[in-house]
Number of protein chains: 2
Amino acid sequence: MKYSASKENHLKSIFHLQHEQGLVTTNALAAALQTRPASVTDMLKKLKEQKLLHYERYKGFRLNNEGRKAAVQVIRKHRLWEYFLVKKLQFGWDEVHEIAEEMEHISSKELVDRLDAFLGYPATDPHGDPIPDSMGRFSQQKQLGLSGVPLNKPVRVSGIAQQTTEMLELLQYHHIHLGTRLEVKKKFPFDDSLEVKIGNRPPVAISAQVAKNILVKEEEK
Amino acid sequence: MKYSASKENHLKSIFHLQHEQGLVTTNALAAALQTRPASVTDMLKKLKEQKLLHYERYKGFRLNNEGRKAAVQVIRKHRLWEYFLVKKLQFGWDEVHEIAEEMEHISSKELVDRLDAFLGYPATDPHGDPIPDSMGRFSQQKQLGLSGVPLNKPVRVSGIAQQTTEMLELLQYHHIHLGTRLEVKKKFPFDDSLEVKIGNRPPVAISAQVAKNILVKEEEK
DNA sequence: AATAAAATTTAGACAAATCTAAAATTAAAA
DNA sequence: TTTTAATTTTAGATTTGTCTAAATTTTATT
């Protein structure tokens, strides 16, 4: 199945919204796509026609299996191209979104799978969001904030929630990057700050505010 | 300036046709684009409106400077992506055209220039067609058939005219690829076959039929 | 529960790109 | 040089995706 760029955009946004909301509303989708509620309604009819989602008028909507599959393929493409742009073409992590918005609509499945191989099957994009595999499966482990990690459990940085320049600068200073191994050695209940071992360095203090923005996954063996 | 995919396709095809024809005709363009003459006329009006070509009704048309510039940028993108697909993603030379037809419409100029750098500023695409540089300039040397090359002049393979599988297989056997250095050591007027030194190997015989399909350029120092 | 507000959908319009069928123009043949 | 044939253009329709304004339905408030 091949869908228009506009349909792919709708599917993708619905997918993201329904993770937060369950049932998605017309207004929410219109806001996410920077379009008008009336336009969303028009598109919903077409997507329902093509059996990509459940939708009853005035009642909200959510993707069915077909729709979810299509959405995930678009997300896969988007994230792989972002990874390519940053890792191979040296773009900054904050410059790639718009370009990837265009590239995600290139249709060849073969292309995407070869790109995946060329990049070494990356698990997350440059923002730390997981890249689904060729079958549409997301790596099952989920990200959690560093704040919620048990003491002495080895974890790996898999994403940064609030990507401000200041935040990035601070992380840079502490040598914390995507993929960096961390261990929480101590928690201070007074201000919820943490003492964290970063790679093999001596432990340093990390504020609660920063910690909750560092997303990690359990270390795979 | 940014143009729709359809407009870019029209500009690109006109560019190619006017190299062969000078003035381009409505029917010729319709055939090249697999569309209808009436549709071409419609588009011509729009492109003239945007001052991308000279056009008088019933009289034919050709790109002006603006139009040529736009067309060349599309061609540049197409050929760079083809090169990427073959050299980095291991596609066969005969599998990449359709995909590149889609990728050539990605708009970011920055992307194209970085891709160019990433690929090492290749001079020709996998079919041997020249890749214009960032300013839209084509490398000036032109390709000639191996048959027409003077004795003992070092040349480099820059393209293959008739890309049949059989032809490619034969070239593979002789270790002749894009970029291979060749020297014609002897010509046999009887059958117009050549004795050719390939890289540093001992010379081998190449038939006239094959030779005229091997496109080369004078070796740059 | 009645009414006001918010959300959603419909109706009708528009732009882009295409098409078919008919008309206009140019080129070729008798 | 007429007449015929081929090419090109126009006129009007269609599809996709969008919009505004008005109507409908749901939700929230008094």
Side-chain angles (χ1 to χ4, degrees), chain A residues 1-14 17-18 20-63 67 70-71 74 101-102 104-107, chain B residues 1-14 17-18 20-63 67 70-71 74 101-102 104-107:
Chain A
M1 305 303 111
K2 227 186 101 177
Y3 308 106
S4 71
S6 177
K7 279 179 186 165
E8 288 192 343
N9 285 334
H10 280 77
L11 294 171
K12 186 180 54 152
S13 285
I14 297 169
L17 287 171
Q18 75 185 17
E20 299 160 14
Q21 302 191 4
L23 260 203
V24 183
T25 67
T26 303
N27 266 359
L29 184 51
L33 289 170
Q34 311 238 68
T35 181
R36 297 305 186 149
S39 310
V40 166
T41 302
D42 289 342
M43 185 57 86
L44 288 174
K45 285 192 217 154
K46 294 174 199 164
L47 294 176
K48 181 179 187 180
E49 182 71 27
Q50 277 172 86
K51 301 206 202 312
L52 293 166
L53 42 72
H54 302 289
Y55 165 53
E56 271 178 279
R57 59 206 230 305
Y58 294 107
K59 296 284 187 66
F61 45 92
R62 64 175 187 288
L63 298 179
V74 179
E101 284 292 300
E102 281 188 66
E104 74 190 3
H105 302 298
I106 306 289
S107 58
Chain B
M1 306 303 111
K2 227 186 102 177
Y3 308 104
S4 71
S6 177
K7 279 179 185 165
E8 288 192 343
N9 284 335
H10 280 77
L11 293 171
K12 187 180 53 150
S13 285
I14 297 169
L17 287 172
Q18 75 185 16
E20 299 161 14
Q21 301 191 5
L23 260 202
V24 184
T25 68
T26 302
N27 266 358
L29 184 52
L33 289 169
Q34 310 238 68
T35 182
R36 297 304 186 150
S39 310
V40 166
T41 303
D42 290 343
M43 185 57 87
L44 288 175
K45 286 191 217 155
K46 294 174 199 164
L47 295 175
K48 181 179 186 180
E49 182 71 26
Q50 277 173 85
K51 302 207 203 309
L52 293 165
L53 43 72
H54 301 289
Y55 165 52
E56 271 178 278
R57 60 204 229 306
Y58 293 108
K59 296 283 187 68
F61 44 92
R62 64 175 187 288
L63 299 178
V74 179
E101 284 291 301
E102 282 187 66
E104 73 190 5
H105 301 298
I106 306 288
S107 58

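So you know, we letter chains A, B, ... as the sequences are listed, proteins then strands, and number each from 1. Note that the structure is predicted; figures quoted are calculated from it, not measured.
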**Item:** Residues in side chain to side chain contact (heavy atoms under 4.5 Å, CB included) contact with B:Thr26, at least two apart in sequence or another chain
**Value:** B:Pro37, B:Val40, B:Thr41, B:Leu44, B:Phe61
**side chain to side chain contact (heavy atoms under 4.5 Å, CB included) involving B:Ala38 - partner list, sequence neighbours excluded** = none
**Message:** Can you pull out every salt bridge (Lys or Arg N to Asp or Glu O under 4.0 Å) where at least one residue sits in residues 1-11 of chain B? Sequence neighbours excluded, please.
**Reply:** B:Glu8-B:Lys77
Length of the line joining [X]:[atom1] and [N]:[atom2], which is rounded to integer Å:
X	N	atom1	atom2	result
A:Glu56	C:dT8	CD	P	15 Å
B:Leu23	C:dA27	CG	P	12 Å
A:Asn9	D:dG17	CG	P	11 Å
A:Lys45	D:dT16	NZ	P	14 Å

**Fill in**
Angle separating the five-pair end axes of the helix from C:dA1-D:dT30 to C:dA30-D:dT1, nearest 10°, is 10°
Give every pair of a protein N or O atom and an N or O atom of nucleotides 13-17 of chain C that lie under 3.5 Å apart, one pair per line with the distance.
| unit_1 | atom_1 | unit_2 | atom_2 | d |
| --- | --- | --- | --- | --- |
| C:dA17 | OP1 | B:Ser4 | OG | 2.6 |

**Prompt:** OP1 or OP2 of C:dT18 sitting under 4.0 Å from any side-chain N/O of B:Ser39?
**Reply:** no
Identify every side-chain donor-acceptor pair in residues 47-60 of chain B under 3.5 Å, counting partners at least two apart or on other chains, and give the distances.
| unit_1 | atom_1 | unit_2 | atom_2 | d |
| --- | --- | --- | --- | --- |
| B:Lys48 | NZ | B:Tyr55 | O | 3.0 |

Any chance you could measure [X], atom [atom1], to [Y], atom [atom2], to the nearest 0.5 Å?
X	Y	atom1	atom2	answer
A:Ser6	A:His10	OG	NE2	5.0 Å
A:Leu17	A:Thr25	CG	OG1	7.5 Å
A:Leu33	A:Ile14	CG	CD1	8.0 Å

**Request:** For B:Tyr55, report the nucleic acid contact type (base, sugar-phosphate, nothing); a contact means any heavy atom under 4.0 Å.
**Result:** sugar-phosphate
**Message:** Once side-chain hydrogen bond (donor to acceptor under 3.5 Å, both in side chains) is applied, do any residues pair with B:Ser4, and if so which ones, sequence neighbours excluded?
**Reply:** none
**Complete:** With sequence neighbours left out, the residues meeting side-chain hydrogen bond (donor to acceptor under 3.5 Å, both in side chains) with A:Glu104 are A:Lys12, A:His78
**Item:** Sub-4.0 Å heavy-atom contacts from residues 26-36 of chain A onto DNA chain D, ordered by number
**Value:** A:Thr35, A:Arg36
Short heteroatom pairs, N/O only, protein and nucleotides 24-26 of chain D, under 3.5 Å:
| unit_1 | atom_1 | unit_2 | atom_2 | d |
| --- | --- | --- | --- | --- |
| D:dT24 | O2 | A:Tyr58 | OH | 3.2 |

**Prompt:** Minimum heavy-atom separation for B:Glu102 to A:Ser107, with atom names?
**Reply:** OE2-OG, 2.6 Å
